[in-house]
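Note sheet for the following structure.
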Amino acid sequence: MAVQLYDTLRRTVEPLQSEPGEPLRFYCCGPTVYGPAHIGNFRTFLIQDTLRRVLEVDGQTVEHVRNITDLDDKTIRQSQAEGLPLAEFTAKWTQKFQADCAALNMRPPSNEPSAVAHIPQQIALVQQLVDKEHAYVSEDGSVYFRVDSFENYGSLSKLKQRDLKTQQQNSAGERNDADEYDRESVSDFALWKSRKPEDGDNYWPSPWSEGRPGWHLECSAMAESAFDGAMIDLHGGGIDLCFPHHENEIAQSECAHGRAFCRHWFHSAHLMVEGAKMSKSLGNLYTLEDLQTKGFPPAALRYSLIASSYRQQLNFTIDGLHAARSALLKMERFADSLLAVTGEDRNALATYINAETASGFGRFAKAWESLCNNLNTAACLGAIFGVIGSNPAPSLKAEDARALLDAFGSILYALGLQLYSVETPKQEAPDDILNLAQQRWEAKQARDWAKADEIRDELLSAGWVVKDSKEGFEVVPS
RNA sequence: GGCGCGGUAGCCAAGUGGUAAGGCCGAGGACUGCAAAUCCUUUAUCGUCGGUUCGAUUCCGACCCGCGCCUCCA
């Protein structure tokens, strides 16, 4: 079954396949590196990573490009606030972003181009647009794209040009006053921004003025450069980028090159936090680090963020994170039961987690088909737990257990879920607690239940729970 | 106003024209001296009102409610 995915442009679910013999060229609008990425950012990037993994399991070669936006108002402003050169500042946050991605078990993209490293390409692109009169130079040396010159403008977001032209108020009812007064139309957008005092040292020479490229232009130029001029097969991003960012990318690239920019558009919905829009002022803007500090493993966050439909808004909650963690533990027990049959230890699971399936998906066929069907991760997880619920391990021969682990491993690879990473770290109890627990154990051995229970209550009020087994006991934080 | 997403059990969440996957939590049971852990069992008629149909949660229409985007926010 071919991988199918909803296409924002055509508004239908379409098969996803590259040209014969070509890799599937997948471009994602990456993060703006002016601070730590939040879980909303990661939802989008995790969905993209998951799709890329599904395509790999499907046997496709994916050229995954995700840019780093290191040149825009926010990076400039924030670097200056911290008194750091832009490059040093963005390098710091780029590294943090990459570390977070690794913690979330995201595959590194094939290529992570940076905007600052593509200034010449961007200038060349602007030049083409100026030459073809799709762009014009203003008095201060800025260059704007002439939206009127591109008939298809608005086709992705289905916004009619006349709506855009007449729409001079924003959603708050305020006038959209441009801070530039030299645009021909309010819907025109900047390709090149002439240098302003607040830009500091962050300007580059160009045929029009010293300045810097506009944000929309960066992606067009980087995509063109990364794919060596070939058309993008699949372009992803958060739903908010649909308009105007992607609309503008299309306009720039198609006007410059006279051919289609991208075949298939992939947008993921935003997330809410505890029922409210995520924002700093509400204090509900989580980063990966925030959640790790609260004791949640990255794998639980990954599970939580990919477990529901990517096209639907996700309401992120701490409860949901607990549920994700419990669900992962359930998967671990399932893996344990299979490894017990093959006679392997937990370390062996890693050998099963890869894009290949030697013997097909077997019992996990439904789980795999769900992923192929518009990345239905929720149905996939449901199918996985369907298999787990009727765990066949006890009746399997070792070779069958290995085949099942092979299929399970490929599904886990596609979802990017890491098992055996969600245990609460063992916390060594202090000596006095251990002493008490030892006394309780002795009382228990002497069948002095009253005393044993008394000590257990004492431990509990000190914050420790005793867990007995046949061989002995352990104490864990309550 | 334009474009888009959604309203399914306590929470999260799939799905189909023929009487609703799954996860979490809760409850009951097994196990245990009692617990914990684990295992088993268990919880809905799908926003409202009409229509089409032998039959609709699933198709059509209307309505109500929540949310997102509408110029640089993933």
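Source: prediction; values computed, not measured. First the proteins, then the strands, lettered A, B, ... as listed; each starts at 1.
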> Does B:C3 pair with anything, Watson-Crick or G-U wobble, both distances under 3.5 Å, and if so, with which nucleotide?
Replying inline: B:G68
> Going by atom types only, do A:S370 and A:N373 share a side-chain donor-acceptor pair under 3.5 Å?
Replying inline: no
> In terms of ring plane angle, is the pair A:W215 and A:H245 parallel, tilted or perpendicular, where the classes change at 30° and 60°?
Replying inline: parallel
> Under a 3.5 Å cut-off for both distances, is B:A21 Watson-Crick or wobble paired, and to whom?
Replying inline: none
> Taking the six-membered ring for Trp, are A:F45 and A:F97 parallel (under 30°), tilted (30 to 60°) or perpendicular (over 60°)?
Replying inline: perpendicular
> Within 45° of the six-membered ring axis of A:Y6 and under 6.0 Å from that ring's centre, is NZ or CZ of A:R311 located there?
Replying inline: yes
> Taking the side chain of A:H216 as heavy atoms from C-beta outward, which of B:C72, B:C70, B:G23 is closest to it?
Replying inline: B:C72
> Which residue pairs satisfy the ring pair (Phe, Tyr, Trp, His ring centres under 6.0 Å) criterion with at least one member in residues 100-119 of chain A, sequence neighbours excluded?
Replying inline: none
>> Between A:F42 and A:F316, is the ring centroid distance below 6.0 Å?
In response: no
> Can you tell me how far C1' in B:G17 sits from the matching atom in B:C59, rounded to whole Å?
Replying inline: 8 Å
> In the 5'-to-3' direction, what one-character label does each nucleotide of nucleotides 3-15 of chain B receive under the scheme B = base within less than 4.0 Å of a protein heavy atom, S = sugar-phosphate only, - = no such atom?
Replying inline: SSSS------SSS
> Would you say the side-chain atoms of A:N248 and A:Y153 include a donor-acceptor pair closer than 3.5 Å?
Replying inline: yes
> Watson-Crick or G-U wobble partner for B:U48, using a 3.5 Å limit on both distances?
Replying inline: B:A62
> Say you pick atom C1' in B:C24 and the same atom in B:A13; how far apart are they, in whole Å?
Replying inline: 11 Å
>> Looking at B:G68 and A:H270: do their rings stack (centroid distance under 5.5 Å, interplanar angle under 30°)?
In response: no
> Closer to the 5' end of RNA chain B via nearest nucleotide, is it A:A383 or A:G275?
Replying inline: A:A383
>> I need a per-nucleotide contact map over nucleotides 26-41 of chain B, read 5' to 3'. Cutoff is protein heavy atoms under 4.0 Å; write B for the base, S for backbone only, - otherwise.
In response: -------BBBB-SS--
> Does the ring centre of A:H322 sit less than 6.0 Å away from the ring centre of A:F296?
Replying inline: yes
> Are A:T50 and A:R302 linked by a side-chain donor-acceptor pair shorter than 3.5 Å?
Replying inline: yes
